[in-house]
Each structure stands twice: as structure tokens, then as C-alpha cells.
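Here the structure is a predicted model, which is why all the values come from computation and not from measurement.
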Amino acid sequence: MSSNYYCALLKLCSKARDQTQAKKLHCHIIKALVNPETFLLNNLIITYGNLGNIEYARHVFDEIPHPNLFSWNTILSAYSKLGHLLEMQEMFDRMPNQDGVSWNSLISGYACYGSLVEAVKVYRRMLKEGLVNLNRITFSTMLILCSNQGRVDLGRQIHGNIMKFGFLSYVFVGSPLVDMYSKMGLVYDAKRVFGEMTERNVVMYNTMITGLLRCGMVEDSRQLFQGMQERDSVSWTTMITGLAQNGLVREAIEMFREMKLQGFDMDQFTFGSVLTACGGLLALEGGKQIHAYIIRTDYKDNIFVSSALVDMYCKCRSIKSAETVFMRMTSKNVVSWTAMLVGYGQNGYSEEAVRIFRDMQRKGIEPDDFTLGSVVSSCANLASLEEGAQFHAHALVSGLISFITVSNALVTLYGKCGSIEDSHQMFNDMKNRDEVSWTALVSAYSQFGDANETIDLFEMMLAQGLKPDGVTFIGVLSACSRAGLVEKGHQYFESMIKEHGITPLPDHYTCMIDLLSRSGRLEEAKTFINKMPFHPDAIGWATLLSSCRFYGNMEIGKWAAESLLELEPQNPASYILLSSIYAAKREWDNVAQLRRGMRDKGLRKEPGCSWIKYKNKVYIFSADDQSSPFSDQIYSELEKLNCKMRAEGYVPDMSYVLHDVDKSDKIKMLNHHSEKLAIAFGLIFVPTDLPIRMDHVRVEISGDAILYPKIYQLQKTSFFQGEGDLEMIREKEKGTKRGPKSQSDLIPRCVNQEMGCYGKSNEVLVKKTDLGAEKP
């Protein structure tokens with residue numbers, strides 16, 4: 001067999017990345033050929049170099065009796081590509097002769113592995129030894145190095161050499177020069193170079209278009225694209241990608257359709273870009289049509305395209321379709337897993353996000369910073385401190401803790417779980433902080449109920465020159481609301497609009513409604529609502545209605561209830577809250593009329609329940625519940641607590657019972673509230689040195705139930721209220737009487753609002769669902 005035949009087989013092994021077959025073929029060559037040609041041995045070196053086996057490549061080189069210049073350059077190139085820089089330099093110095101390929105291999109080796117200083121030294125040495133070896137590849141390599149290292153000063157020097165030695169006319173040199181300037185944000189320099197080029201091909205145009213789009217110059221890129229005499233698939237894909245990245249998702253989809261009509265071939269980057277555009281536009285039907293088209297191409301099993309499909313379906317809130325694509329993928333990488341994980345988290349499936357992260361670990365896929373940050377965020381949404389702490393440990397071991405995305409997620413996690421000290425410590429440990437870091441800590445203290453610290457942190461953030469966003473202001477306004485700082489809250493709201501240029505969202509207006517109504521300024525709250533550019537959402541009306549119930553303002557309460565009913569006629573919340581106002585004024589006929597209205601419309605309030613997780617088992621309680629096997633112990637403990645509280649001066653607030661029954665029955669309803677049963681269970685079974693934590697409340701809790709843990713520190717247990725929530729931490733001190741910080745502290749939080757009650761451990765979680773005072 002001829003050497004050419006063996007060389008063809010070696011190329012096949014290299015293309016297939018099959019090192020085993022390459023070694024077998026090598027053995028066959030040794031047996032079949034006594035003195036193989038240098039040409040064949042050079043191809044063996046190339047093959048082993050491409051397969052990453054530098055030892056075999058060097059062994060073959062050492063066996064060549066008389067290596068030629070190509071042999072030397074081949075082994076030098078192998079060392080260069082694989083990053084063996086010391087051996088590369090040694091081999092270069094041993095070469096009897098060097099040519100341009102030799103010098104370029106040496107420069108490329110240092111450039112590819114970030115050794116800028118050494119690459120520049122070689123380049124200057126090359127210039128000193130004469131210009132005969134200087135070529136366009138030399139300049140292209142140096143320009144790419146300058147671009148990757150952000151060295152525009154060095155890039156300008158190389159540009160000067162290019163002009164001096166007459167290489168500017170080469171497209172192979174001009175393209176990386178244009179690319180370098182545009183990556184540095186020097187788009188006008190890039191345009192000048194482009195204009196000076198005497199020869200331009202489609203690659204040069206594509207590079208210039210990419211640079212313009214990268215700098216946000218969409219119209220300029222359109223004009224250049226339309227002026228091209230010849231376009232290829234890369235041209236179209238570049239425009240589609242750039243339009244999508246600049247937020248022009250509709251135009252990106254239209255460009256994709258035009259590309260399809262003109263019959264251009266599409267690759268994974270084309271599909272990836274247009275699917276990203278569909279996801280950004282929430283264009284589910286368009287995304288499905290593109291998916292159908294992909295199925296008819298060779299890219300239906302492409303990992304890059306499949307990952308983009310998962311991402312598109314998740315952004316369009318079609319989580320089942322995303323799951324289907326994900327499950328059918330024949331191979332998955334960290335991007336695929338992350339797309340599914342983030343999709344679960346963004347669509348409210350936080351438990352599924354944590355589960356799929358565990359599945360990914362079992363498959364041996366190592367997460368990156370974005371994956372780990374996403375799963376920590378899901379733990380934060382679940383207020384799952386125990387699992388979140390495990391991921392914190394993983395971040396420490398893997399080194400991903402150094403990424404700001406992971407650290408920010410951990411600050412948020414500990415804040416949402418009520419471990420405010422851990423949240424602040426995580427923040428202090430961060431070497432670099434951005435606006436998200438500060439916002440996470442501001443929100444944590446706001447949620448924890450520490451208004452002064454929230455405001456102090458916000459002022460420190462501003463002093464650092466950082467720009468707050470809408471989320472930051474939600475935390476600050478909520479803190480002002482809890483502390484009753486009405487005037488300060490007004491100031492921050494005005495500064496958000498006038499000084500920071502942030503357009504208020506419904507959440508900001510809801511915070512302002514809460515700020516005014518909590519403080520009893522119900523008329524001001526009404527005036528504020530009438531001046532809003534849009535009507536409040538359900539949470540805004542429920543916030544006002546809840547405060548009207550507390551302050552007994554029937555007139556504004558009716559207005560809020562009617563507005564809430566008009567907005568959400570099938571939501572029983574407005575009936576319940578309005579009924580509570582009537583009940584507080586003992587207008588039982590009106591209460592009965594509201595309940596008849598609920599029955600006529602087929603509405604019913606689901607009975608509230610609380611549940612506590614202890615030793616991996618969930619115990620669920622409803623009001624006056626007798627189903628627990630520990631009922632006798634629970635009610636006995638509850639009676640002891642009630643006796644101690646009465647001795648300390650506690651008087652049950654009957655206004656929270658919305659039924660026209662005897663006083664004794666009202667007391668029983670309050671005493672046997674599901675939350676109190678859960679607390680009693682925790683006090684009985686949870687070890688003294690562990691906290692009882694309340695987590696993810698989806699209810700407006702009875703005001704008496706809120707007051708219950710706040711008034712009295714019982715059995716070495718302290719109760720603190722955060723943002724409508726409770727943190728209970730066992731202490732050694734004896735119980736003492738505690739009152740609320742202010743009257744407004746006792747106002748129940750608004751209906752259907754996510755609220756979390758947090759502590760410092762995940763041993764015990766008490767959760768409450770539904771809204772309003774519970775039915776027996």
C-alpha cells in the first residue's frame with residue numbers, strides 16, 4: 001500500500017477522533033513498511049497532535065532519521081496547539097532552520113494560552129531577524145491576541161506595522177483588524193479600516209456587520225447588509241443574532257423568514273438565534289413552527305439547537321413542551337441542563353429545579369456558575385435553607401463561590417430564609433459587589449423587618465455610586481411602610497422617578513398604598529390611587545381593604561371591595577375581607593348577605609391550614625383539628641400556653657372571629673387556630689436548641705394569631721415578626737411580655753401575597769395557607 005493510502009486513513013482517524021484506530025494503523029505501518037517515508041511519518045505526527053497525544057507525536061518525530069523543515073514545524077505546531085509552551089520553545093531553538101510557519105506556530109502557542117508578553121517578545125525578535133518570514137498569518141494572530149487581551153494600545157502598534165509593511169490590502173489581515181477595533185468599542189476606527197480596504201469579500205462584510213451590531217448601530221448594519229452584492233448563510237445569521245441581541249426580536253424573526261424564502265442553508269447558530277428571539281417575544285406559535293422545520297433538518301438532534309428549544313419553550317411558559325424536548329435529547333451538556341433548570345425556576349417550579357440539579361450531578365455533569373446560582377435561587381424561592389446550605393458548601397469546594405452570580409444568589413437565599421446574619425456575612429465576604437449584591441441585602445433586611453438597617457444600606461449603596469433599580473426601591477419602600485416612615489417613603493418614591501429615572505410598576509404603587517394605609521392615612525391612600533396612571537392590581541386593593549378592616553373604615557372599605565370584586569369577581573378574598581369589616585361592627589345581616597352572595601356565585605373559602613415539617617415528615621393542622629395522633633399532648637400544651645398568656649395580660653381579640661356565636665365559641669375558634677396548633681407541636685417535639693421556622697405563608701393570618709407569638713416569649717421561645725411573617729428562635733431567657741412595635745405592625749398582610757416566615761434552621765417549618773381568619 002502507498003503512503004498516500006495510509007495518509008488518507010490517518011485523516012479519517014483524526015476526523016473521527018478515534019485514537020484507538022490511529023494506533024492500530026500505526027502498528028500496521030510499522031509491520032508493513034521497513035523504512036516509511038518522512039511524508040507518512042509527518043502525517044502520523046499531525047494525527048497524534050490532533051488527537052491530543054503529544055507523547056506519541058514526539059516519539060514518531062524522534063524516529064525520523066532525517067526530519068525535514070515540515071517535520072520540525074509539525075511537531076512544533078503540535079506543542080503549540082496543546083499548550084506545551086516550554087517544549088515548544090525548546091523545539092524551536094533546536095531547529096536548524098526556521099521559516100514563517102515556525103515563527104507563527106511559536107507566536108500562536110503563546111497567544112492561544114494567554115502569554116501576551118512572550119508572544120510580543122517573539123514578534124519583536126521576528127522583526128529584528130528580517131521581514132522575509134513576516135506574513136499575513138503573523139499579523140492576524142497578533143491582532144486576535146490584542147483583541148482577546150483588550151490591548152488596544154498594542155493593537156494600534158500592530159496596525160501601524162501592517163500599514164508600514166504593506167499588508168493592509170489583505171482581507172485576511174483586515175478582518176481581524178476590524179474585529180479588534182469593534183470589540184474594543186472603537187467602531188469608528190473599525191469603519192475607517194473597512195473603508196480603506198481596497199478588497200472586500202463576504203467575510204470582511206460579515207465582520208463589519210458583527211462589529212456594528214455589537215456596538216448597537218443597527219441601522220448602519222442594515223444598510224451595509226443590504227448593500228452587499230454577495231451574501232452567505234453567515235451574513236444572514238449575523239443579522240438575525242445581532243437584531244435579537246439588540247432587542248429587535250420581531251425583526252430577527254422576519255429576517256429568519258426572509259432567509260428561509262431565499263433558500264440559504266441554516267446552521268445551529270441560525271436556529272439558536274431565532275429561537276432566542278421567539279423566547280424573548282413569547283412567540284410560542286412561531287417557536288413551534290420553527291421547531292417543526294428543525295425536525296425536518298439534520299439539526300433535530302443537535303445539542304445546541306435542542307438546548308435553545310428548551311430555553312424558548314421555558315420562556316414562553318410551555319414547560320411541558322420544554323420537558324418533552326429535554327427528555328428526547330440523545331445527549332446533554334451543562335447548557336442543556338441549565339436551560340431546563342432555569343426554566344423550572346422562572347416558571348415557579350422551584351422544587352423541580354432542585355430535583356433536576358440533583359439529576360445532573362448524578363449524570364456526572366459539573367455545574368457552572370450560572371447553573372449553581374440558578375439552583376440556589378430556587379432554594380431561596382422555597383426558603384429551603386438546608387438544601388441551600390448544601391449548595392453553598394458545593395460552591396466553596398468547587399471554587400464557584402468566587403463568581404458574583406453565585407454569591408449574590410447566596411445573599412438572597414439567606415435573606416429569604418431569615419438568616420439575616422448569614423446573609424450579611426456572605427455579603428461582607430464578597431470580594432466584588434455589584435448593584436444586585438446590594439439590592440439582595442437591602443431586600444433581605446426589608447423582608448426581615450429591620451427598616452433602619454434597610455435604609456442605611458440603601459444610602460450606603462448610593463454613596464458607593466451604584467444605581468438602584470426597581471427591585472431595590474421595592475425593598476426600601478416596604479421597609480418604610482413597616483416602620484411607618486410615611487414622609488421618607490414619599491421622598492424615596494419621588495426620587496425613584498425624578499433622580500433615577502425609574503418608571504413605577506404596580507408593585508411600587510402597591511408599596512405606597514401599603515405605606516399610607518398601614519399608617520391609617522386611608523383618605524390619602526384613596527387620593528393616591530385616584531391619581532395613579534392605572535388602577536391598582538388585586539394585591540393593591542386587598543392591601544387597602546385589609547387596612548380598612550383594621551381601622552374600621554367602612555366607606556373606603558366598600559370602595560376597595562367593590563373595585564377588587566370588579567377586577568377579580570371569582571376571588572373570595574374581597575368577600576372575606578369585607579365580611580370581616582361588617583363582623584367587626586357586628587353587622588351580622590350584612591355578613592350573612594355577603595356569604596349568600598358567595599354561595600350564589602359558587603365561591604367558597606378553603607379552610608386554612610398550617611403544616612410543620614419535622615424529621616422529614618409533614619404534619620398538617622387545620623382549625624380545631626383532632627386528627628393528629630398527638631392531639632391530646634398538643635391541646636394540653638396549647639392550654640398551658642394560653643393560661644400563661646392570660647396571666648401576662650393577653651386578651652383574645654374577638655373582632656377576628658367572623659361568626660355570630662357566643663363568646664366562649666369565639667375564644668375556642670381563636671385558641672384552636674391551625675397556626676397555634678402547629679406552634680404547640682413544635683414546642684413539644686423540637687429540641688430546645690433548635691429554632692421553629694415559619695416558611696412561605698400564602699395567607700392573611702388572623703390578627704390574633706399574629707399577636708399570639710408576638711405578645712409572649714413562651715418556654716424559652718422568642719417570636720419576632722418580619723414582613724408580615726414570624727421568626728421564632730429559642731432562647732435561654734425566661735419569657736417576658738412583648739408588644740408590637742406599632743399598631744400598624746398588626747395589620748394582616750394582603751391577600752394572595754407571597755410571604756415567608758423565617759428562622760435560622762430548616763429543622764422545623766411551619767406553613768400557613770389560605771386567607772382570612774379560619775373557619776372551625
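In this structure, Phe271 and Tyr293 have tilted ring planes: the angle between them lies in the 30° to 60° band.
A distance of 9.5 Å separates CG in Asn135 from OH in Tyr170, rounded to the nearest 0.5 Å. Distance check, rounded to the nearest 0.5 Å: OG1 of Thr141 to CG of Leu106 gives 11.5 Å. Here CE of Met329 is found 8.5 Å from CG of Asn302. Values are rounded to the nearest 0.5 Å. Arg257 contributes atom CZ, which lies 11.5 Å from atom CD1 of Ile240 (distance to the nearest 0.5 angstrom). Here the CZ atom belonging to Arg151 is positioned 13.5 Å from the CG atom belonging to Leu143, to the nearest 0.5 angstrom.
With no hydrogens or angles considered, a side-chain donor-acceptor pair links Ser71 and Asn42 at under 3.5 Å. A donor-acceptor contact closer than 3.5 angstrom links the side chains of Thr138 and Asn104. In the model, Asp232 has no side-chain atom that pairs as donor or acceptor with a side-chain atom of Tyr205 under 3.5 Å. For Gln262 and Glu258, the side-chain atoms include at least one donor-acceptor pair closer than 3.5 Å. Judged purely by distance below 3.5 Å, without hydrogens or angles, the side chains of Thr330 and Asp301 never pair a donor atom with an acceptor atom. Counted by atom type alone, Ser350 and Ser378 present zero donor-acceptor pairs between their side chains at under 3.5 Å. Defined by atom type and a distance below 3.5 Å, a donor-acceptor pair is present between the side-chain atoms of Asn50 and Ser14. Side-chain contact of Thr371 with Asp368: a donor-acceptor pair under 3.5 Å is present, judged by distance alone. Residues Tyr48 and Gln19 bring no donor and acceptor atom of their side chains to less than 3.5 Å of each other.
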side-chain contact (heavy atoms from CB on, under 4.5 Å) assessment of Met142 paired with Val120: CA-CA 8 Å; Met142 290 302 297; Val120 172; 4.2 Å; yes
CA sep, side-chain torsions, deciding dist, call: Val375, Leu372, side-chain contact (heavy atoms from CB on, under 4.5 Å): CA-CA 5 Å; Val375 76; Leu372 191 58; 4.0 Å; yes
Do Phe70 and Phe39 pass the side-chain contact (heavy atoms from CB on, under 4.5 Å) test, and can you show the C-alpha distance, the side-chain angles, and the key distance before you say yes or no? CA-CA 9 Å; Phe70 189 85; Phe39 164 71; over 6 Å; no
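Distance alone, capped at 3.5 Å, is enough to place a donor-acceptor pair between the Thr412 side chain and the Asn408 backbone. Between the Tyr113 side chain and the Lys81 main chain, a donor and an acceptor come within less than 3.5 Å of each other. Side-chain atoms of Ser80 come within 3.5 Å of backbone N or O of Ser105 as a donor-acceptor pair. Of the possible donor and acceptor atoms, one in the side chain of Arg200 sits under 3.5 Å from a partner among the backbone N and O of Phe194. Although no hydrogens or angles enter the test, the distance criterion places no donor-acceptor pair under 3.5 Å between the side chain of Ser235 and the main chain of Asn206.
With respect to the salt-bridge test (charged N to carboxylate O, under 4.0 angstrom), the residues Arg355 and Glu351 do not qualify. Residues Lys467 and Asp434 are not paired through a salt bridge, judged by the lack of any N-O separation under 4.0 Å between the basic side chain and the carboxylate.
Just one residue in the list Val178, Leu224, Leu212 forms a side-chain contact (heavy atoms from CB on, under 4.5 Å) with Lys191, and that residue is Leu212. When each of Tyr349, Tyr344, Tyr313 is paired with Glu323, the side chain to side chain donor-acceptor pair (under 3.5 Å) condition holds for Tyr344 and for no other.
Side-chain contact between Ile474 and Ser443: absent, with no pair of heavy atoms (C-beta onward) separated by less than 4.5 Å. At a threshold of 4.5 Å between non-hydrogen side-chain atoms, the residues Val411 and Ser437 do not count as touching.
The two residues Leu82 and Gly52 have their closest heavy-atom pair at CD2-CA, 3.8 Å. Taking every heavy atom of both residues into account, Ser377 and Ala409 meet most closely at OG-CB, 3.9 Å. Here the closest non-hydrogen pair linking Cys316 and Ala283 is SG-N, 3.9 Å. Smallest separation of non-hydrogen atoms from Lys315 and Gly279: CB-O, 3.7 Å.
Phe326 and Trp337 have their aromatic ring centers within a separation under 6.0 angstrom.
Arg136 forms no cation-pi arrangement with Phe167, by the criterion of a distance under 6.0 Å to the ring centre and an angle within 45° of the ring axis. Figure legend: cation-pi geometry between Arg231 and Phe264 absent, as NZ or CZ is not positioned both under 6.0 Å from the six-membered ring centre and within 45° of its axis.
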